[in-house]
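Every number for a ligand or one of its atoms is a count from 1 in the order of the listing. Along the sequence shown, residues carry numbers from 1.
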Amino acid sequence: MLNLTFVNQYISHLPGDSLAENYPRQVEHAAYSFATPKSVAAPKLIAFNDDVANELDFSFSEHDEDELAQLLTGNQLTTSMQPYAMCYGGHQFGGWAGQLGDGRAINLGDIQTKNFGHKTIQLKGAGPTPYSRTADGLAVLRSSIREFLCSEAMYHLGVPTTRALSLCLTGDNVRRDMFYDGNAKYELGAVVCRVSSSFTRFGSFQLPSARSDGALLQAQAQYCIKTDFPHLLDQTQTFSPEVYANWFNEVCQRTCKLVVHWMRIGFVHGVLNTDNMSILGETIDFGPYGWVDDFDPDWTPNTTDAQGKRYRFGAQAQVCRWNLCQLANAIYPLINDAKPLQQCIDEFSDNYQQQWAEMMAEKLGFNEYVEASDQAIFSQLEELLASIETDMTLFYRKLATINISEKALEQPALHFADCYYQSEQITPEYKAELATWLNAYCERLLTQQGFDNSKRIAKMNAVNPKYVLRNYLSQQAIDKAEQGDYSELHTLQALLKRPYDEQPEFERYAQKRPDWARNKAGCSMLSCSS
Ligand code: AMP
Ligand code: MG
């Protein structure tokens, strides 16, 4: 990073906090506050991402690990860095929460890369900022491992995401009450270095709008469009109502694509508050997320959301649409016309239905989505998967290997035996329903023009991952790392780079969640504590 030149676009184009002191407060008329990372006792680099470093043109090989750890925890700043925390608000679990902001994230600054555009480099867990409220601004190792691994897993699964450059221990202890039940203990402190073109959230526009600060709202929107949506501006660079409406339309489109990806791979974000919604349509803020093991649209890993299950797997499109409505309300003063915004919201639902169906057709290896025949196939499949505990990831990979010409297998449930969590649930009725569905599925494929089975298999395996970051796998890496053994962390980092490929040496990572993990903290239950 010593060789990186920070251009600091964000702070030079947007108004900043007039106070320089770092204490919790309401910050008005400002997009950010300067904040210096807290110095840490004994920084230690435990995971690094060469690919991201290369994208940043960061000649990391010139530095030894100690030097990298100093830089990547914020202990050592370079002359061109002007670290700052961003100011934003948000709706949390459906209620307006007012000012939130980067309470424990500090942006070191932004750089212009040779081939990957403009990137912001952020340290998460780097100490208090004016937005920390009553909290400490720190992060613990378990949540930092989860963020580091998951953002990279997402990237290699082909899902838009913020990325992670590094993971460091700070050498400091951090007190956390993991399940908010009076059992606080000290955990190891850690810092993840995250990278994205922009960390702007829906809440970045909501806060100035809620405060009737039209000037700041406009400045934020114009900066965002100029930097990350420049194709929406013509040569005159005029910010007309049409430009703002097109911008909102693109945010809706990107958000729609993002949710379709999450549904494809079985990912549950867990905390889709509007401050956790990236304006770029990237997956951001990896907290109590999870992958569905057994297919269950009602599942959420987040214990904080256990009652209402607002952010359950099957509700993600609906909740993102709700979040987009909040963004529409926030930017309305820029357009002064609800019609174009409403139209985008209406289109979101149709687009989602269409893209979800196309995605399902791909998962099943169809050449294209044919509404007349396929809707029934999809809904019957979802019913079947949910009717007994069936591992979603394994099921689709197994489905690719069935012999289509045999049509219904003689004992279909045997073919899928590895996918079931409770064999006693496999009743004669279930077997009959599975056979019926498989018959319909094979029929659909065999009547498809120019059907080619090996092409079907290749297509299915390119969209149905073999390896996903099941919560219990992260937890095993966390348990070892907390004892100073980072081998599992590095193994997961390596294998998740090729989630769609057969990796025979890693076969054991492509199995259903073991029974001991069914109700274990960190495996099936996670809180927002991090
Ligand atoms: P999250 O649910 O992680 O998106 O956090 C919601 C808000 O709480 C954000 O504004 C965070 O910056 C803030 N926050 C979460 N944890 C901490 C912490 N340990 N210290 C300071 N702020 C925090
Ligand atoms: Mg957040």
Side-chain angles (χ1 to χ4, degrees), residues 22-27 31-33 35-38 40 74 83-107 120 122-144 146-148 150-151 161-162 164 170 172-178 180 184-192 194 196 198-204 206-207 210 268-280 282-290 300-305 310-311 319 323 326 526-530:
N22 191 349
Y23 65 91
R25 60 176 176 270
Q26 292 293 306
V27 176
Y32 65 90
S33 302
T36 308
K38 182 174 184 264
V40 303
Y84 63 94
M86 293 164 82
C87 181
Y88 50 84
H91 276 88
Q92 297 187 313
F93 297 96
W96 175 242
Q99 177 183 301
L100 295 167
D102 288 334
R104 54 150 161 195
I106 293 180
N107 290 343
T120 301
Q122 178 181 89
L123 302 183
K124 183 165 178 181
T129 75
Y131 309 102
S132 298
R133 294 173 283 167
T134 56
D136 56 13
L138 305 175
V140 294
L141 180 61
R142 66 182 150 80
S143 63
S144 305
R146 286 171 51 82
E147 169 124 24
F148 180 84
C150 192
S151 51
T161 182
T162 57
T170 60
D172 296 316
N173 288 329
V174 175
R175 201 170 151 82
R176 285 288 180 271
D177 182 356
M178 186 156 60
Y180 308 114
K185 62 174 182 115
Y186 281 102
E187 299 188 44
L188 301 172
V191 171
V192 171
R194 313 202 279 196
S196 174
S198 168
F199 288 101
T200 300
R201 298 122 194 280
F202 289 9
S204 308
Q206 285 184 281
L207 186 61
V268 192
H269 180 285
V271 205
L272 284 173
N273 292 333
T274 55
D275 58 302
N276 291 341
M277 296 289 298
S278 147
I279 201 71
L280 300 178
E282 291 182 343
T283 318
I284 188 173
D285 272 32
F286 296 88
Y289 66 81
T300 175
N302 184 359
T303 52
T304 316
D305 190 24
R310 180 180 175 85
Y311 299 139
V319 89
N323 290 342
Q326 308 317 309
L526 289 133
S527 74
C528 286
S529 154
S530 52

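- With sequence neighbours left out, D177 forms a side chain to side chain donor-acceptor pair (under 3.5 Å) with no residue at all.
- No donor-acceptor pair under 3.5 Å is formed between the side chain of N273 and the backbone N or O of D275.
- Aromatic ring centres of Y311 and F93 lie closer together than 6.0 Å.
- Within the model, atoms CH2 of W96 and CD of Q206 stand 4.5 Å from one another, a figure rounded to the nearest 0.5 Å.
- Listed by chain and residue number, L141, L169, N173 satisfy the side-chain contact (heavy atoms from CB on, under 4.5 Å) test with L188 (two or more places apart in sequence, or in another chain).
- Between D136 and R176 there is a salt bridge, since at least one side-chain N of the basic residue sits less than 4.0 Å from a carboxylate O of the acidic one.
- Around the Mg ion (ligand 2), protein N, O or S atoms at a distance under 2.8 Å total 2; waters are neither shown nor counted.
- The backbone N or O of L526 sits less than 3.5 Å from a side-chain atom of T303, completing a donor-acceptor pair.
- To the nearest 0.5 angstrom, T274 atom OG1 is 8.0 Å from Q92 atom CD.
- Rounding to the nearest 0.5 angstrom, the gap separating the OH atom in Y186 from the CG atom in D172 is 11.5 Å.
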Using a cut-off of under 3.5 Å, which N/O atoms of ligand 1 pair up with protein N/O atoms, and what distance separates each pair?
| from | atom 1 | to | atom 2 | distance (Å) |
| --- | --- | --- | --- | --- |
| ligand 1 | 4 (O) | N276 | OD1 | 2.9 |
| ligand 1 | 4 (O) | N276 | ND2 | 3.3 |
| ligand 1 | 4 (O) | D285 | OD2 | 3.0 |
| ligand 1 | 8 (O) | R133 | NH2 | 2.8 |
| ligand 1 | 10 (O) | G101 | O | 2.6 |
| ligand 1 | 12 (O) | G101 | O | 3.2 |
| ligand 1 | 12 (O) | G103 | N | 2.7 |
| ligand 1 | 16 (N) | R104 | NE | 3.4 |
| ligand 1 | 19 (N) | D136 | OD1 | 3.1 |
| ligand 1 | 19 (N) | L138 | O | 3.4 |
| ligand 1 | 19 (N) | R176 | NH2 | 3.3 |
| ligand 1 | 20 (N) | G137 | N | 2.8 |

